[in-house]
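Below is one structure, written out as structure tokens; comments come after it.
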Amino acid sequence: KKIVIVGGVAGGATAAARLRRIDETSTIVMFEKGEYISFANCGLPYYIGETIKDRQKLLVQTVEGMSKKFNLDIRNLSEVIEINRETKHITVKNVQTLETYEESYDELILSPGARPIVPPIPGLNEAKAIFTLRNIPDTDRIKSYVDVQQPKRAVVVGGGFIGLEMAENLHDRGIEVTIVEMANQVMAPLDYEMAAIIHNHLEDKGVQLILEDGVKSFENAGSKVVTQSGKEIETDLIILSIGVRPENELAVNAGLNVGERGGIQVNDYLQTNDPHIYAIGDVIEVKDYINEQPTMIPLAWPANRQGRIVADNIYGKEVKYNGTLGTSIAKVFDYTVSTTGNNEKTLKRLGIPYEVVHIHPGSHAGYYPGAAPIALKLVFDKDTGKIYGAQAVGMDGVDKRIDVIATAIKGNLTVLDLPDLELAYAPPYSSAKDPVNMAGYAAT
Ligand code: FAD
């Protein structure tokens, strides 16, 4: 078998490694248009902020290392520009020489990811120091600008994960940061009252937060950001982090089906409408694990999981991808924000009735130093006890509670089961009644 993979980072590299582990004889060719494969996307903001000091550490695998380790044919700086489904060939462009050539496939895996959205805001092209963050070259550009130009002020447009992580990391570099967000809150997976905790914290840290306001234009070569409401913010640096859109051009041009938001549509086995073409990662539309509606959830866990499953399926193991729960976590200065499943906003939009409990237990026993309250919100169905989702914000122990609840959801446990979870306890870690147990008691 000859298997060709488009995209050599999270989903693509995982699939390649798994394919080789299952079968030693197939030919596996992985194309990556950038220079680097399998780099740590999620670590990029922390390298700019200098928490991660060694750039090498971001490069999880090199082309040479991975080719050798897994006996793969990896071609970086090679962009796949066309798929010919009839002849089962792709066209590849060497991005340095611009030469093109064809390559055949028996099975094709698309994992081209999603790119940052760059809306046509007036003044954007004239702005000198405006950046998006996706890959190593973007990171190098931002880091070297910060190192060399030593900007004093930055505007981060968009208060999602990447925006907030960049706000913190730029702040760590001594830069005064303003976040401009169109919605009435940051971190969309949180409901408003949970996000409000983060709003206060950002302000405590000296980050200026402008909500319910979008960018109208960039003036004076990007040294001034003007908002819809007429606010003017002087700045030395702009980060655009308003979301991503799937890199679906190859698929669309090849006649593969895409959904409303452009995500490639796949079946439970991650197959597109062409049975020899699979798609995984940020580029696909997934089924929401809770409400079963099609959605886009560009996160690393789904990309990795799908990369493994797609390899299994190509070798006939028939493993289903069960949908995406959207479990996520981010560090926002001293706080951890984490969510799993559906929030109230989503359930309301879909007309699904729900019940909510809010609790504020300590992260561990109050008499042992370092305990901090966790704001924990559980969203569930009152009649069946089905857990729809949970959100937690706090300085300690947030990750563990959300992970336990995410596991409970996948195990089909209900709120009635939560008090019965026998969780690890000693004073430095928890209480004899863990916050997850308490959420269960509160809900029943
Ligand atoms: P990618 O990993 O983006 O890989 C796609 C690759 O395909 C790219 O390198 C691209 O150059 C290449 N490509 C595209 N088109 C072609 C073509 N035609 N030919 C050849 N190559 C092509 N997720 C989390 O869960 N937690 C986090 O903390 C987190 N932090 C993040 C921080 C940042 C700054 C970024 C950018 C992302 C972060 N993510 C995080 C998201 C996570 O990185 C993605 O969900 C994941 O990388 C998606 O994997 P993918 O394989 O779909 O796409």
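Just follow the structure's listing: the first ligand is 1, and inside any ligand the first atom is 1. Values below: all heavy atoms of this structure, side chains included; hydrogens, waters and symmetry mates excluded.
Environment of NZ in Lys152: sparse, with no more than 12 heavy atoms of neighbouring residues, nucleotides or ligands closer than 6.0 Å.
Salt-bridge check for Lys93 with Glu99: failed, with every basic side-chain N at 4.0 Å or more from each acidic carboxylate O. Ion pairing of Lys1 with Asp106 is absent here, as no side-chain N (NZ or NE/NH1/NH2) approaches a carboxylate O to less than 4.0 Å.
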Pair Tyr354-Phe380, ring pair (Phe, Tyr, Trp, His ring centres under 6.0 Å): steps then yes or no: CA-CA 6 Å; Tyr354 59 86; Phe380 57 100; 9.2 Å; no
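A distance-only check finds no donor-acceptor pair linking the side chain of Arg308 to the backbone of Thr14 [under 3.5 Å].
If you look at ligand 1, the protein residues with a non-hydrogen atom under 4.0 Å away are Val6, Gly7, Val9, Ala10, Gly11, Phe31, Glu32, Lys33, Asn41, Cys42, Pro45, Ser78, Glu79, Val80, Ser111, Pro112, Gly113, Leu133, Arg134, Ile162, Leu250, Gly281, Asp282, Pro298, Leu299, Ala300, Ala303.
Residue pairs meeting the side chain to side chain donor-acceptor pair (under 3.5 Å) criterion with at least one member in residues 56-74, sequence neighbours excluded: Asp73-Arg75.
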